[in-house]
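Here the structure is laid out as structure tokens; the discussion comes afterwards.
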Amino acid sequence: MRLLWLGGSLALALLIAVLTLQSPRPAPASAPATDFSAARAMVDVREIAQRPHPVGSADHFRVRTVLLQRMAALGLQTSTQTGPFSPEAVQRIERNGGSAAGLELVNLIGVLPGRDPRLPAVALMAHYDTVPVSAGAADDTAGVAAILETVRAIRARGPADRTLVVLLTDGEELNLDGARVFWGGHPLRDRIGAVVNLEARGGGGRAMMFETGRGNAQTIGLFARAGVRAPGGVSSNSLAVFVYELMPNGTDFTIPKKRGVQGINLAFIGLPDQYHARASTPDALDQGSVQHIGSQALETADALLRARALPAATQNLVYADLFGRVIVGHAPATGWLLLGLAFLGLGAAMWRARSHAGLTFADVGRGMVDGLWFLSTGLVLTQTVRLLAGPLSGRADSAEAYYTLLARLPWMEAGTVLTVLALALALMGGRTRPDRRVVAGGIAAAALLALGLGGVNVIVIGAAVAAIGLSLFPVLSARSVWGGWSGLIGLILIVASAAQGFAPEAAFLFVWTGLLAALTAVVAAFLDPGLTRAKSLAPVAVAAVLGAGWIAGLAHTVFLGIGMDLPGVLVLLGLLVLMFVRPLSPQQAMARPLLMAAMAILLLGAALSGAAPFAEPQPAPDTIAAA
């Protein structure tokens, strides 16, 4: 019975995640004039991305001429801004075999005057240069073409009070130089009150809003109202904004953000093998991605242009989209209230289970230990499996390792996900059933392999010590379903409390899921404390479908963004999924088959990652370019 509940819940959760991750269908050229049409934008993509057009090339001059003509045809008042390249940009030009002598960057600027020139303006921004080896159909021709189509649609919707500024920057691939020059002193700079920037780090997938200005509560409020009107909805959360803030990466939006300008940064990062590669051609570009990023840019820019007041810097909002259809958010301090409700819910469920199902506090503690075993063992195994696919980018300070990782990403993702799934099944089947020395020895062997492939890593060493130690003491494993379930919920709520204290923008991932699990436990405990009948398993299954489906959708984006370098992040997300499905653990009779399935899945994951170097050959040297 429980095996059917478990399998059905996971299948439905996966289906929801897959549906959530789909890009919208591209709108045809016959779409209404007020709508964004990927088909219309693709006309510009094909014209611009005929060949690579890095700074200083003949095609760079050709693209510049084409864009100025297109901007003028759209009714924009066009101008250019020239400026010097930074020393870092000059070094990159020369490293790529070119000469910077006599070169100047050229920004392209278009203005669509609003009815009230006194109001702060809104800027649409993208860069039109590429790396030397790539036609850049995605990065950033798709962004440029989407802006041109957005301007056309905005004009079709009628005049707005605010002025629209189109800024197509030069030299972004070298050192963000075009943005530095414009925001460093152009006369229009101080008139702009909000920016919508378009980027790409791949050739497909849903467009994600991954960065905002600081103090983004009002910006997210406007985006939540406008962006969801785009076909396909939105993909965004405060965790992505928080993480990107900590990363060394930069885009053109980095420059106005430092000046305190509000705005949003949009990008799609799927099909990463096209990033800075020959493969990034108009025919390879996912037109659904163009539709998604362009529609969100249109709706957000139009809302800004017609807003009574532009968003101001206040506080950062804690928020996330729910399956791409709606954005839910709250003030950072509200997280403490939600945590309090979660702890109360967990306490009520434990009281009921203690009175009617014999739950003990000791077994709750053992359930927490199960979660720690899952985390520590998962970190060791996922790191090992990931390293089987190729070198870590951190092992060599070169672009070569990074692009090798991108080329092998589908294999890496499958191997890592299967590893996490295998651990979850092993825990639900009874992690102490196999011989403890065999389990500990297997973890030790995996750790040694990881250290041999990736070098000394204190995190892997620490995780291995913890995992081996916990494996050698089977008495520390939960003895009841309630002990395992409530222990996992308690562990997540402890993590949530720490996150709420140190990084409230990231805490929602644990606070919201912990609250849903705690409330589900209350309902199940009062319906059937034994967790044996359908009336208690049904609400658990519903919560598992919704919770695991939402987390699985986030996990894919996390892996594309940072998971390939930090596969342990997916283990933490896997623990959240395990928290929802733990009470659906099959009966004792199914424990052995479940453990055998876990071993088979683990070996399959390792095999997929190990096959990556042979199935996805390393890119040729001429496909590797400066970021």
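Note that the structure is predicted; figures quoted are calculated from it, not measured.
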Using a strict 4.0 Å threshold on nitrogen-to-oxygen distance, state whether Arg62 and Glu47 make a salt bridge. yes
Could you walk me through whether Leu68 and Thr80 satisfy the side-chain contact (heavy atoms from CB on, under 4.5 Å) test, starting with their C-alpha distance in whole Å, then the side-chain angles of each, then the deciding distance to 0.1 Å, before giving a yes or no? CA-CA 9 Å; Leu68 286 172; Thr80 60; 4.0 Å; yes
Does atom CD1 of Ile459 have more than 12 heavy-atom neighbours, drawn from other residues, nucleotides or ligands, at distances under 6.0 Å? no
Residues passing the side chain to side chain donor-acceptor pair (under 3.5 Å) test with Thr141, sequence neighbours excluded, are none
By salt bridge (Lys or Arg N to Asp or Glu O under 4.0 Å), which residues pair with [X], not counting sequence neighbours?
X	value
Arg229	Glu299
Arg64	none
Arg259	Asp190

Does the side chain of [X] reach to within under 4.5 Å of the side chain of [Y], using non-hydrogen atoms?
X	Y	answer
Val241	Glu505	no
Glu149	Ser37	yes
Asp140	Glu199	yes
Leu108	Thr78	no
His276	Glu173	yes
Ile192	Pro256	no
Gln291	Pro231	yes
Val151	Leu164	yes

Side chain of [X], backbone of [Y]: donor and acceptor closer than 3.5 Å?
X	Y	result
Ser280	Ala138	yes
Arg206	Ser289	no
Ser236	Met209	yes
Asn107	Gly178	yes
Arg189	Gly184	yes
Asn175	Asp177	no

Excluding sequence neighbours, so at least two apart, what forms ring-ring contact (aromatic ring centres under 6.0 Å, His included) with [X]?
X	value
Tyr244	Phe210
Phe253	none
Phe182	His186

Least distance between heavy atoms, [X] atom then [Y] atom:
X	Y	value
Ala450	Val460	CB-CG1, 4.3 Å
Asp35	Arg40	O-NH2, 3.0 Å
Pro52	Pro132	CB-O, 3.3 Å
Val45	Ala142	CG2-CA, 4.3 Å
Thr384	Ala446	OG1-O, 2.9 Å
Asn197	Ala126	OD1-N, 4.1 Å

List for me each residue that meets side-chain contact (heavy atoms from CB on, under 4.5 Å) alongside [X], sequence neighbours excluded, and say none if there are none.
X	result
Ile551	Thr513, Leu573, Leu576, Val577, Phe580
Val234	Phe223, Val228, Gln296, Asp321, Ile327
Thr82	Glu104, Val106

Working to the nearest 0.5 Å, report the span between [atom1] of [X] and [atom2] of [Y].
X	Y	atom1	atom2	result
Leu188	Leu167	CG	CG	9.5 Å
Leu271	Leu285	CG	CG	9.0 Å
Leu570	Thr382	CG	OG1	7.5 Å
Asp59	Thr130	CG	OG1	8.5 Å
Asp252	Leu176	CG	CG	6.0 Å
Leu554	Trp550	CG	CH2	5.0 Å

For residues 123-151, the ring-ring contact (aromatic ring centres under 6.0 Å, His included) pairs (sequence neighbours left out) are His60-Tyr128
Applying side-chain contact (heavy atoms from CB on, under 4.5 Å), run through Met208 and Ile269 and close with a yes or a no. CA-CA 8 Å; Met208 184 171 192; Ile269 60 176; 5.8 Å; no
* Would Asn237 and Leu509 count as a side-chain contact (heavy atoms from CB on, under 4.5 Å) if you check the C-alpha gap in whole Å, the side-chain angles of each, and the deciding distance to 0.1 Å? -> CA-CA 10 Å; Asn237 59 73; Leu509 183 61; over 6 Å; no
Decide whether Ser134 and Asp139 meet the rule of one side-chain donor and one side-chain acceptor closer than 3.5 Å.
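There is no such pair between these side chains.
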Q: Scan for salt bridge (Lys or Arg N to Asp or Glu O under 4.0 Å) pairs involving residues 233-245, sequence neighbours excluded, and state none if there are none.
A: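 For residues 233-245, and leaving out neighbouring residues, the salt bridge (Lys or Arg N to Asp or Glu O under 4.0 Å) pairs sorted by first residue read Arg214-Glu245, Glu245-Lys257.
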(message) side-chain contact (heavy atoms from CB on, under 4.5 Å), that's the test. Do Val55 and Asp170 meet it? Break it down for me.
(response) CA-CA 8 Å; Val55 168; Asp170 197 5; 3.4 Å; yes
